[in-house]
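So the structure is just underneath, and the comments pick up after that.
Values below: every heavy atom of this structure, side chains too, minus hydrogens, waters and symmetry copies. We number each residue from 1, following the sequence as shown. As the structure is a computational prediction, the values presented were derived from the model and not from experiment.
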Amino acid sequence: MTIRLYDTSARQIRDFAPLTPGCVSIYLCGATVQAAPHIGHIRSGLNFDIMRRWFEYRGYDVTFIRNVTDIDDKIIVKAAEQKRPWWSIGYENERAFNDGYTALGCLPPTYEPRATGHMTEMVEMMQGLIERGHAYESDGNVYFDVRSFPGYLELSRQELDNLLQPSGDGETGKRDPRDFALWKSAKPGEPTWSTPWGPGRPGWHLECSAMAHKYLGTAFDIHGGGLDLIFPHHENEIAQAKAFGDDFAQYWVHNAWVTMAGDKMSKSLGNSVLVAEMVKEWRPIVLRYYLGTPHYRSMIEYSQDALREAESAFARIEGFVQRVVEKAGPVEPSAEVPPAFAEAMDDDLGVPQALAVVHTTVRQGNSALAADDKEAAVARLAEVRAMLGVLGLDPLDAHWAGESDRGDDLHGVVDSLVRLVLDQREAARARKDWATADAIRDQLGQSGLTIEDGPQGPRWTLGPR
């Protein structure tokens with residue numbers, strides 16, 4: 001058993017070999033909390049949640065760090081626009097992100113450090129970089145000297161002579177325009193912290209290098225994030241950390257975006273779909289299926305039609321689960337997933353191929369039900385639950401308890417009304433009035449209900465919209 005991952009730095013799939021046998025250390029660039037999360041933000045959390053679950057299934061002890069960037073240029077701009085304290089905006093949106101992660105079934109990280117809680121570590125890192133000749137102070141700013149680090153741009157594979165380094169306001173005194181800010185000097189009305197070089201605030205890139213060092217040490221296994229972070233953020237993290245003396249990340253794993261009309265989903269482009277709004281319209285477990293089941297390196301083009309397809313696909317899985325439980329009672333997940341599922345997950349987290357195994361097993365289980373083979377149906381459900389558990393999609397898991405029926409408070413009322421109509425249909429069938437029976441079934445279908453006839457009589461479910 002060898003897990004393989006696509007390593008962005010190597011541009012190829014590599015066998016995973018942990019630094020410490022039996023343990024996996026992961027650092028994921030988490031939320032910058034200037035605004036509430038859209039589904040593109042949460043996709044990254046979902047992809048790495050599935051990665052973590054698979055490592056744990058394979059017997060690894062996982063340390064998973066997902067940071068919170070609670071101070072940066074965007075948060076300060078939002079604070080000025082809204083005439084609110086910067087920390088108020090950060091805290092409100094941090095809670096919104098955590099609500100989104102929780103709603104979609106992401107396991108909590110081992111630690112979730114905030115940037116503002118690690119100023120001491122950042123100052124220590126800057127002091128070390130200055131002492132080693134990799135950074136310098138100018139006008140109260142501290143900059144990283146990119147020409148001092150020979151490995152700069154190896155991740156993004158750019159040419160230094162052609163580089164355009166993003167810069168912020170007030171970044172004066174650079175020796176080279178491509179140098180980037182580790183620390184930004186104080187400006188009127190902005191939050192500041194004290195340093196040996198004067199008051200100011202950290203640069204975005206420094207925050208993650210310092211927190212990764214604090215929680216995972218000088219070397220760790222996997223650094224993750226979205227494709228858009230490769231440059232400048234992850235490139236600059238590598239430069240800071242390695243110039244400081246850390247070996248830093250051994251594998252770089254990047255997830256693709258959620259797009260709309262071909263563009264990356266983004267608040268600045270006005271094309272984002274907020275998680276808080278989506279969970280009002282769609283069941284969270286369906287959203288998880290939609291965002292978590294494409295391969296993590298493939299783009300997801302957002303559309304309502306695609307969501308409806310995901311809803312229909314998950315309904316087929318969920319319907320099988322419910323039918324077996326009704327027939328056989330509770331069924332525990334099997335101890336092991338089917339070999340084909342494991343092979344797919346080991347191969348760079350091949351969730352689409354793994355999901356195909358789930359659907360094949362569901363079809364086999366449905367065939368067993370149709371043949372009244374209770375033992376085979378139960379065995380298939382045990383396998384399905386084991387696979388869904390790895391994907392965070394087991395409808396019988398305690399996290400999703402009570403979530404499967406939209407409008408639980410009305411379920412009993414609807415059930416009584418539907419039963420009256422189904423009794424009329426059964427009476428029509430008893431007198432062989434097939435036209436009336438079919439008409440009743442069709443009318444219920446047009447209302448969004450799916451009717452299935454079984455040995456114990458008809459049953460109804462709320463079908464896909």
Side-chain angles (χ1 to χ4, degrees), residues 28 30-31 35-54 66 93 95-109 226 255-261 264-267 271-319 321-322 349 351-352 354-355 358-359 362 384 387-408 448 461-465:
L28 173 63
H38 56 66
I39 58 174
H41 292 132
I42 298 298
R43 182 194 182 182
S44 180
L46 275 175
N47 289 153
F48 285 90
D49 182 67
I50 292 171
M51 173 191 283
R52 174 204 189 157
R53 288 170 183 264
W54 184 243
R66 186 182 67 211
N93 292 311
R95 292 184 64 181
F97 267 88
N98 282 328
D99 287 346
Y101 291 133
T102 301
L104 270 64
C106 293
L107 300 172
N255 64 277
W257 304 329
V258 178
T259 61
M260 185 180 289
K264 177 196 169 193
M265 192 168 284
S266 167
K267 290 283 287 182
N271 65 352
S272 58
V273 183
L274 297 182
V275 176
E277 296 304 316
M278 292 293 286
V279 296
K280 295 176 184 176
E281 183 179 357
W282 300 89
R283 291 170 53 202
I285 197 169
V286 169
L287 282 178
R288 183 178 177 102
Y289 186 98
Y290 170 66
L291 293 171
T293 54
H295 194 273
Y296 74 90
R297 289 194 287 120
S298 64
M299 298 292 181
I300 298 176
E301 174 67 13
Y302 170 79
S303 73
Q304 291 280 310
D305 286 345
L307 267 163
R308 280 189 283 270
E309 289 175 7
E311 184 179 49
S312 297
F314 186 72
R316 291 193 291 273
I317 297 173
E318 192 172 38
V321 173
Q322 291 171 344
L349 303 176
V351 174
L355 193 65
V358 174
H359 282 286
V362 166
V384 167
M387 293 185 283
L388 293 179
V390 167
L391 302 176
L393 287 168
D394 182 1
L396 300 181
D397 185 271
H399 178 81
W400 305 113
E403 194 266 355
S404 61
D405 292 308
R406 292 188 295 271
D408 278 343
T461 56
L462 189 58
R465 66 198 73 197

To the nearest 0.5 Å, what is the distance between [atom1] ([X]) and [atom2] ([Y])?
X	Y	atom1	atom2	answer
I317	M387	CD1	CE	9.0 Å
D99	L104	CG	CG	11.5 Å
N255	M299	CG	CE	9.5 Å
E309	Y289	CD	OH	10.5 Å

Using a 4.5 Å cut-off on heavy atoms from C-beta on, say whether the side chain of [Y] contacts that of [X].
X	Y	value
R308	Y290	no
L287	L307	yes
R66	F48	no
M260	V273	yes
L46	C106	yes
V362	V321	no

Heavy atoms only: give me the nearest [X]-[Y] pair and the separation to one decimal.
X	Y	value
V275	G100	CG1-CA, 4.0 Å
L291	I300	O-CD1, 3.7 Å
I50	G292	CD1-O, 3.4 Å
G45	L28	CA-CD2, 4.4 Å

Short side-chain to backbone donor-acceptor contact, [X] and [Y], under 3.5 Å:
X	Y	answer
W400	P284	no
H399	D394	no
R43	A256	yes

Angle class for the F97/Y101 ring planes (parallel below 30°, perpendicular above 60°, tilted otherwise)?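 Taking Y101 first and then F97, their aromatic rings sit tilted (interplane angle of 30° to 60°).
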Could you check whether E277 pairs with K280 (Lys NZ or Arg NE/NH1/NH2 to Asp/Glu carboxylate O, under 4.0 Å)?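 Yes, this pair counts.
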Does R283 form a side chain to side chain contact (heavy atoms under 4.5 Å, CB included) with F314? I'd like the steps, not just the answer. CA-CA 11 Å; R283 291 170 53 202; F314 186 72; 4.2 Å; yes
Criterion side chain to side chain contact (heavy atoms under 4.5 Å, CB included) against L393, the qualifying member of T293, V384, V286: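 Of the listed options, the one satisfying the test is T293.
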What salt bridge (Lys or Arg N to Asp or Glu O under 4.0 Å) pairs are there with at least one residue in residues 287-297, not counting sequence neighbours?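 Residue pairs passing salt bridge (Lys or Arg N to Asp or Glu O under 4.0 Å), neighbours aside: D49-R288, R297-D348.
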